[in-house]
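Since the structure comes first, as structure tokens, the remarks are kept for the end.
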Amino acid sequence: MHCPALRVYLLPLLLIPLMGASVRASDWPMWRLDPARSAHTEQSLPESLHLHWVHRLPPLEPAFKNERLQFDAGYEPVVKDGILFYGSSLNDSVTALDLQTGKPLWQFTTDGPVRFAPVAWKDTVYFGSDDGCLYAVSAQTGNLIWKFRAVPSKRLILGNRRLISVWPVRGGPVIENDTVYFAAGVWPFEGVFVYALDTTTGKVKWMNDRLGFLYGQHPHAAEALGGVTPQGYLVISDEELIVPCGTAFPARLNKQTGKLIEFELPKPGRTPGGWFTAAGKAARRGETAVATPSLQFDRDVNSARHENGQNYGPDGKRGLRQQIQVGDQSLKYQAAIPGVQGTIHSLLATSDHLIAVTLEGSIYCLGPGKTTPVTYDSSLLKETASESNPLPNASLPAMFSDQLQAGGYVLLAGIPDAKLLNTLLTQPQLQIIYQENHSGQVKLLRQLYLERGQTSSKLAFLPGPLSEYELPAYFAQTIIAAEPVYSGMKTYSELISVLYPSLRPYGGTLFVKTSEADHQKLAAEFKNLSQAKISRKDGYSVFKKAGAIPGSSNYTGGWSSPDELVKAPVGVLWYDDSVGNFKRAPQPLFVDGVMISHSKYWQGYPAGIRPPYKLLAPQFADVYTGRKLDATQAEMLTTELPTLDQTQKQPSQYRPPYQKNDWSPAPPVIGERTNPLTGDTEPRAFPKSYGCDGGVDYSYLYTMRSGTAAFYDKRVESGTIHISGPRSGCTNSIVPANGLLNVPYYFQGCTCSYPLPVGLSMISMPETHEQWMVWGKSDVQQVHRVGLNFGAPGDRMTDKGTLWLDTPSVGGPSPELDLQISPKSVKAFYEHSLWIEGGRGWPWVGASGITGVREISLKQIKAGDYTVRLYFREPEYSSTGQRVFDISLNGKPLISQLDVLQETQSNQKILVREFSQIHLDNDLNLTLTAQKGEPLICGLELIEQSLPVDSIVELPSQKQELLTKP
């Protein structure tokens, strides 16, 4: 693979005297040298080092503005066998350079930002990408050896201003003993996946996908359903795998099995964590093997500005991340190195060479022997130069240019028009995604535009058929599509059906190249398409998504927002921290797809300025992408921009009139509900942990801070749903509006160890989407409807009214049933429901279960006739006849010789058996008798005959092809 064009210059000779012992060649094959991230090498550097070469690159733009999350602030090279490798989020690639000469050897490009250092092991280089994959390529040639997709889904979202997988590889890979460990997924409630793979074959040794659903401690002694948030470089410490968790503290796993040893957010508030950790010294010989391995932190990383001043984490050595140990020398980043210009971001020593990387983007190589230094200029610097001296905009047809004035995301679906693409690239404020069915064509285009200096944040590519991707809703301001074949679609109808949902409301426009005859057919077919205004211009069929999404609402204050579209379950649409607000700033407003917020001058407190602080200028952001807008762009996108008077004195707290206590609100009780278990009318009360935001009843949703941001959906009596990762504001900042559940960044002035201090917006998902909740305790007598979800992480409510309870209860307080399961030694199993393919039934019921069960006894049932549904899935055996059992109900035979695998022919398919007109007097006794192996069950649903019943959903088949090889 060719590398971007480079320009070569000569530099004056520079000399650096460094004291050291004897020279010994050594590699630096992973970030901070080794799996412990010690940055301590026994080699020594020559007494004198000279500048040999420098690669000048543009500086990287970290994913997050928050420094406690800046694991990717600069380039992080590694070196093995005389080759230097570095990753880049600017062009989504890993590049190899000859260590001696600096000459580029190869470059491998992925479909998302590469934010972590690669790992060189034997003759292979391993690295992860925000596209959700881990790659293994030849160290000598850059040719792909294997590629492993962490999750069997190509669902995409906007993450940190880029179109990426919902499950990016943000747990930086580490290798030990032919095993590569990495983690994918950022949001616990979307699922988190930690892997150990065989480095040679890419096959799974173990996988833990249970870590996103852990009920437990949060800051301020709160309790909530949360989990591990892998963001940072994984560490191996003795027998443990350490998983950094953003701005919280790491999780500890057994590296042999992947089982969780410990994860807890700090109990006290105001205790900042950070992305960096390294292993402490290994246990000495003779010490107990069960001693907890020590970890090292950097107090400069675990530091944040609180409203009252600077706060630090509980321990750690200041500056640890910014130094390396080479022999008996401690090299600190702050020390000047003659000939190295800029701020040192990283150092490494290898094979008698010192590599220095600056935040400004240059990689310097210093080695023994005088030579004429060489500078290589990256082609990406061309874009930097053009941004400082922009050329006049090339003219676009009016139908495009008028649409693009407000900037935003542009999706090109198989456009073979190079002139149009080139012209779009000259337009400011646009981010272009190019999708093309022909992967070979994408490869050529990607290389061409990288050589021209285009970064991936300006022009990104989606190779392969459009049908392979699940694009986020509402993200594109403009979509331009050629004939369906270029996108890998069969018909125009299919093309429009896939693309139209991704158009932004309030004027997003889809242009499709069509003939007059095809246009007439499409206009007739889609005449009732929601919000669509259909016209024809210059050979294109034009579909404009006008106005608000039906059922959505604006929010301009008043503590009510009856948005009909925001309904549990919900999933992430975008996340970012570009627009930040003080934790007690006024509520955000949401008007026609634009968020208006006003932060406060909170940094003045230590200097003597006391609250309430004065308002700052309004900030504007696109509700559907998180994109930061200037006032002109915002005015183009909305009919009004309500802002607050900055001169008017503001209160310190913003509370609804019914919250009487600013700091200790009463538990929420909002009207009445029908208890789904008994049918009785009762107060609508639900669990709420710590949070001075007592909550707001927005009509359909009640949102609140309950440890994390959280909400309760009144339409389905959902229980408390935790949006684990960020905290919300002291001001209620969780607002349903414009068709989304908006959780903007209201974290500034707080230093608590919530792992993801960012803003996000969420969109309603199908009922098959896995999302857990905490329903709370309830007095249960005379049950007439219930679901027992064996092995599940939490509770879950369905639209028709079945409350599925985690059995045994592990996900927070739940109603207590008169339930007995024997023997007590039953074994629970779980896997994320994304792995379920085909079959029938709720995937989040069939994904877990218990084995070894002999009897299930449920008492205090209301007498009557019932529908009984039993859920099964075979998680273990790959051949039939290994597990066979009988089932009887209240002493009567119900199922004989059940072999689940025989009926499903898959470990990932669910089997549901339904029985109607089952008369129960007061109790239910289910007996499972083994014929071979141990009986199992995933779920039991009991519904009184007169009540509405959820349909048994038919699940689509998926392809579990995670590992690919050329």
Side-chain angles (χ1 to χ4, degrees), residues 473-474 501 504-506 530-531 545-573 586-597 621-624 637-642 654-659 665 668-674 683-686 688 693-706 709-721 723 728-729 731-744 746 759-767 769 771 773 797-801:
Y474 312 143
R504 187 185 186 278
Y506 304 102
S530 176
Q531 298 174 263
K545 187 176 282 186
I549 314 169
S552 66
S553 65
N554 282 340
Y555 181 70
T556 55
W559 312 105
S560 178
S561 185
D563 197 301
E564 299 174 6
L565 301 183
V566 185
K567 183 175 179 294
V570 294
V572 176
L573 186 66
Q587 275 198 305
L589 309 179
F590 299 88
V591 179
D592 297 353
V594 174
M595 183 185 81
I596 306 105
S597 63
D622 182 358
V623 169
Y624 299 106
L637 294 174
T638 184
T639 56
E640 60 173 325
L641 284 175
Y654 299 83
R655 304 295 191 207
Y658 44 81
Q659 182 174 335
V669 180
I670 307 96
E672 294 184 330
R673 68 184 175 197
T674 300
R684 182 184 282 120
F686 40 91
K688 181 189 183 305
D693 161 27
V696 173
D697 186 351
Y698 285 104
S699 186
Y700 298 113
L701 296 188
Y702 187 93
T703 79
M704 61 194 157
R705 180 179 170 198
S706 177
F711 72 99
Y712 181 99
D713 190 331
K714 293 158 61 177
R715 285 164 294 184
V716 294
E717 310 298 356
S718 65
T720 301
I721 301 175
I723 306 167
S728 50
T731 302
N732 182 278
S733 58
I734 314 162
V735 183
N738 293 171
L740 304 178
L741 182 57
N742 302 282
V743 190
Y746 269 62
L760 72 156
S761 284
M762 311 179 74
I763 189 168
S764 291
M765 302 291 286
E767 269 201 285
H769 181 75
Q771 186 159 81
M773 47 204 67
M797 190 75 172
T798 69
D799 281 355
K800 291 294 178 65

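Reckoned from all heavy atoms, side chains included, excluding hydrogens, waters and symmetry mates.
Closest approach of K714 to S699, counting heavy atoms only: NZ-O, 2.9 Å. The two residues L573 and A473 come nearest to each other via the heavy atoms CD1-O, 3.5 Å. Taking each heavy atom of P668 and I670 in turn, the nearest pair found is CB-CD1, 3.8 Å. When every heavy atom of D713 is checked against every heavy atom of S718, the shortest pair comes out as N-OG, 2.9 Å. Of all heavy-atom pairs between W559 and Y555, the closest is N-OH, 3.1 Å. Summarising the geometry of K688 relative to D693, their closest heavy-atom pair is CE-O, 3.2 Å, with the distance given to 0.1 Å.
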task = For L637 and R504, run side-chain contact (heavy atoms from CB on, under 4.5 Å): C-alpha distance rounded to whole Å, both residues' side-chain angles, the deciding distance at 0.1 Å, then the answer.
result = CA-CA 10 Å; L637 294 174; R504 187 185 186 278; 4.0 Å; yes
inquiry  = One pair to check against side-chain contact (heavy atoms from CB on, under 4.5 Å): V696 and Y658. What are the steps and the verdict?
reply    = CA-CA 9 Å; V696 173; Y658 44 81; 3.7 Å; yes
message = As a quick check of understanding, evaluate side-chain contact (heavy atoms from CB on, under 4.5 Å) for R705 and N732, giving each step before the final call.
response = CA-CA 8 Å; R705 180 179 170 198; N732 182 278; over 6 Å; no
inquiry  = For a side-chain contact (heavy atoms from CB on, under 4.5 Å) check, start with the C-alpha distance between V591 and T556, then their side-chain angles and the critical distance, and finish with the verdict.
reply    = CA-CA 7 Å; V591 179; T556 55; 3.7 Å; yes
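Between the CE atom of M762 and the CD atom of Q771 there is a distance of 6.0 Å, given to the nearest 0.5 Å. Between the NE2 atom of H769 and the CD1 atom of I763 there is a distance of 11.5 Å, given to the nearest 0.5 Å.
For T798, the side-chain hydrogen bond (donor to acceptor under 3.5 Å, both in side chains) partners are D950, not counting sequence neighbours. Residues satisfying the side-chain hydrogen bond (donor to acceptor under 3.5 Å, both in side chains) test with Y712, not counting sequence neighbours, are R673, E717. With sequence neighbours excluded, the residues forming a side-chain hydrogen bond (donor to acceptor under 3.5 Å, both in side chains) with S561 are S553, listed by chain and number. Take N554 and apply the side-chain hydrogen bond (donor to acceptor under 3.5 Å, both in side chains) test, not counting sequence neighbours, and it matches D592, N738.
Remark: side-chain polar atoms of S761 are not paired, donor with acceptor, to backbone N or O of Y624 under 3.5 angstrom. When atom types are taken as modelled, the side chain of Q587 and the backbone of G557 share no donor-acceptor pair closer than 3.5 angstrom. For T703 (side chain) and I734 (main-chain N/O), a donor-acceptor pair under 3.5 Å exists by modelled atom type.
In this structure, L740 and Y474 have side chains that are in contact, with non-hydrogen atoms separated by less than 4.5 Å. Taking the side chain as every heavy atom from C-beta outward, L741 and I723 approach each other to under 4.5 Å. At a threshold of 4.5 Å between non-hydrogen side-chain atoms, the residues S530 and P550 count as touching.
Checked against the 6.0 Å centroid criterion, the rings of Y698 and F711 do not qualify as a close aromatic pair.
For the salt bridge (Lys or Arg N to Asp or Glu O under 4.0 Å) condition, no pair includes a residue of residues 734-743, sequence neighbours left out. Within the structure, every pair that satisfies the salt bridge (Lys or Arg N to Asp or Glu O under 4.0 Å) test and touches residues 556-573, not counting sequence neighbours, is listed here: K567-D799.
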